[in-house]
2 protein chains.
Amino acid sequence: MGDAVDAVMDAWRRERPDVDIWPVGVVGRIQRLARLLETEIQDFFRRYGLDNSEADVLTTLRRSGEPYELTPGQLVKASMVTSGAITKRIDRMVTKNLVERVPDAVDRRTVRIRLTAHGRQTIDDLFALHIANETRLLQALDRDRADGLADALRTLLQSLGDTSLT
Amino acid sequence: MGDAVDAVMDAWRRERPDVDIWPVGVVGRIQRLARLLETEIQDFFRRYGLDNSEADVLTTLRRSGEPYELTPGQLVKASMVTSGAITKRIDRMVTKNLVERVPDAVDRRTVRIRLTAHGRQTIDDLFALHIANETRLLQALDRDRADGLADALRTLLQSLGDTSLT
DNA sequence: TATCGATATCTTACCAGTAAGAGACATGAG
DNA sequence: CTCATGTCTCTTACTGGTAAGATATCGATA
């Protein structure tokens with residue numbers, strides 16, 4: 001008994017035996033897993049009054065280290081969404097007192113987005129729990145298989161040019 | 001030199017050495033890859049006047065076999081989007097003459113969504129090219145590594161309950 | 001056969017994100 | 001010093017999807 005993608009592949013082999021559809025076994029699974037994992041992670045953060053997009057910004061700022069601030073442009077590069085989406089996220093998060101906009105002393109085009117004390121506290125309280133939740137989602141893989149999986153995924157990401165966040 | 005996720009993990013190890021963040025190496029990569037692959041595949045279909053959501057419906061109907069029709073409910077289960085989204089997709093695709101709604105003879109609650117001749121032609125013309133494009137996206141992996149990757153992803157999907165499309 | 005819960009599709013109000021570009025500011029070449 | 005070009009953030013109009021529920025129909029049971 002396979003997974004949902006095995007069913008898709010069986011159907012294609014019946015309908016289009018002339019095409020070797022092996023890439024579907026990788027691409028289709030990555031897409032389905034991404035959706036399932038995103039839903040699970042969203043459920044986790046929602047229990048604490050956050051959503052995925054807010055958690056994305058909070059974690060990006062937190063792991064950047066003291067003083068926990070980045071420009072909107074840096075957040076765009078780290079996030080895989082457009083600048084318009086980042087502006088809106090920041091607007092929402094300012095009203096929730098998770099981040100604040102502080103003017104840049106040197107370059108007046110630039111704004112710095114800084115974690116508030118509340119934002120810092122929120123993500124620090126949640127981070128270990130969030131990682132524990134991701135560990136639970138991956139518990140079907142032992143550590144060796146997980147490492148092998150991560151290696152193969154890294155190879156793909158590098159080949160697609162995903163080598164930097166800045 | 002690693003990928004973008006290696007940079008994220010290095011940052012976390014510096015900022016939160018108390019947390020073992022190994023799951024990020026899998027979850028983060030699946031999420032980034034899903035976005036990158038989706039963008040690439042969207043670019044591919046856009047060259048032929050389609051978008052991802054339309055291609056999703058066309059492929060689902062095509063691989064279901066003669067007479068190339070499914071109910072909206074079956075499309076919902078195959079697609080990972082809500083029924084409202086499927087209704088809208090069908091509306092758009094009807095105006096583009098890719099599918100048609102045909103009443104079900106037996107159950108009048110049910111509608112059958114059927115590929116038109118144009119829809120059938122469109123997906124049949126594109127399918128082999130689409131698979132060739134996916135093959136290109138995965139060319140960094142040889143066939144053995146791709147099989148191993150697919151196996152690990154299948155294990156995860158099954159553990160998360162993703163075993164059927166119906 | 002009348003009724004009631006289950007099922008199937010569609011509707012409505014809303015929202016996050018996108019694409020394109022506007023506006024403000026910086027900077028280097030001449 | 002000036003101006004043209006580049007950079008940075010934000011705005012606007014739009015779109016695809018969601019959540020919740022309305023509407024219509026089916027089917028089992030008393």
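Here is the naming used below: chain letters follow the sequence lines, and residue numbers restart at 1 for every chain.
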Inset, instruction - Answer yes or no: is there an ion pair linking Arg46(A) with Asp43(A), defined by an N-O contact shorter than 4.0 Å? - result: no

Inset, instruction - Nearest whole angstrom, please: distance from the C1' of dA16(C) to the CZ of Arg46(A). - result: 12 Å

Legend entry - Atom-to-atom span, NZ of Lys96(B) to C1' of dG16(D) - whole angstrom: 14 Å

Legend entry - Along DNA chain D (nearest heavy atom to each residue), the more 5'-positioned of Ile113(A) and Arg92(B): Ile113(A)

Inset, instruction - State which of dC10(D), dT18(D), dT9(C) makes the closest approach to the side chain of Pro72(B). - result: dT9(C)

Inset, instruction - Consider the side chain of Lys88(B), meaning its heavy atoms from C-beta on, and name the nucleotide among dT18(C), dC10(D), dA13(C) that approaches it most closely. - result: dA13(C)

Inset, instruction - Output yes when a side-chain donor or acceptor of Thr116(B) lies under 3.5 Å from a complementary backbone atom of Asn97(B), and no otherwise. - result: yes

Legend entry - Separation of atom CG in Asp51(B) from atom P in dG17(C), rounded to whole Å: 19 Å

Legend entry - Contact under 4.0 Å: Arg101(A) side-chain N or O vs dT9(D) OP1/OP2: no

Legend entry - Distance test, side-chain N/O of Arg89(A) to OP1/OP2 of dG17(C), below 4.0 Å: yes

Legend entry - Side chain of Val81(B) (C-beta onward), nearest among dT25(D), dG17(C), dG17(D): dG17(D)

Inset, instruction - Select one nucleotide: of dG6(D), dG17(D), dT25(D), the one nearest the side-chain heavy atoms of Arg109(A). - result: dG6(D)

Inset, instruction - Whole angstrom is fine here: how far is it from CD1 in Ile86(B) over to C1' in dT11(C)? - result: 16 Å

Inset, instruction - Measure the acute angle between the ring planes of Phe45(A) and His130(A), then classify it against the limits of 30° and 60° as parallel, tilted or perpendicular. - result: tilted

Inset, instruction - Find which nucleotide of DNA chain D each of Thr87(A) and Ser83(B) is nearest to by heavy atoms, and output the residue with the more 5' nucleotide. - result: Thr87(A)

Inset, instruction - Please tell me which of the listed nucleotides, dC25(C), dC26(D), dT9(C), lies nearest to the side chain of Arg108(A)? - result: dC25(C)

Legend entry - Gap between atom CG of Leu70(B) and atom OG of Ser79(B) - 0.5 Å precision: 11.0 Å

Inset, instruction - Please report, rounded to the nearest Å, how far the C1' atom of dT23(D) is from the CG atom of Asp107(B). - result: 14 Å

Inset, instruction - May I ask you to verify if any side-chain N or O of Thr71(A) is less than 4.0 angstrom from the OP1 or OP2 atom of dC8(D)? - result: no

Legend entry - From dT18(D), dA26(C), dT9(D), nucleotide with atom closest to Arg35(A) side chain: dT18(D)

Inset, instruction - Provide, to the nearest angstrom, the distance between the CD atom belonging to Gln42(B) and the P atom belonging to dG16(D). - result: 10 Å

Legend entry - Lys77(A) NZ - dT9(D) P separation (whole Å): 8 Å

Inset, instruction - Please determine if Asp107(A) and Arg112(A) form a salt bridge, counting it only when a charged side-chain N lies under 4.0 Å from a carboxylate O. - result: no

Inset, instruction - Give one of base, sugar-phosphate or nothing for Gly73(B), where a contact means two heavy atoms less than 4.0 Å apart. - result: sugar-phosphate

Inset, instruction - Answer with base, sugar-phosphate or nothing: what part of the nucleic acid does Val106(A) contact at a heavy-atom distance below 4.0 Å? - result: sugar-phosphate

Inset, instruction - Using whole Å, report how far CG of Asn52(A) lies from C1' of dG17(C). - result: 14 Å

Inset, instruction - May I have the step-by-step check of side-chain contact (heavy atoms from CB on, under 4.5 Å) for Thr71(A) and Val76(A), ending in yes or no? - result: CA-CA 9 Å; Thr71(A) 66; Val76(A) 167; over 6 Å; no

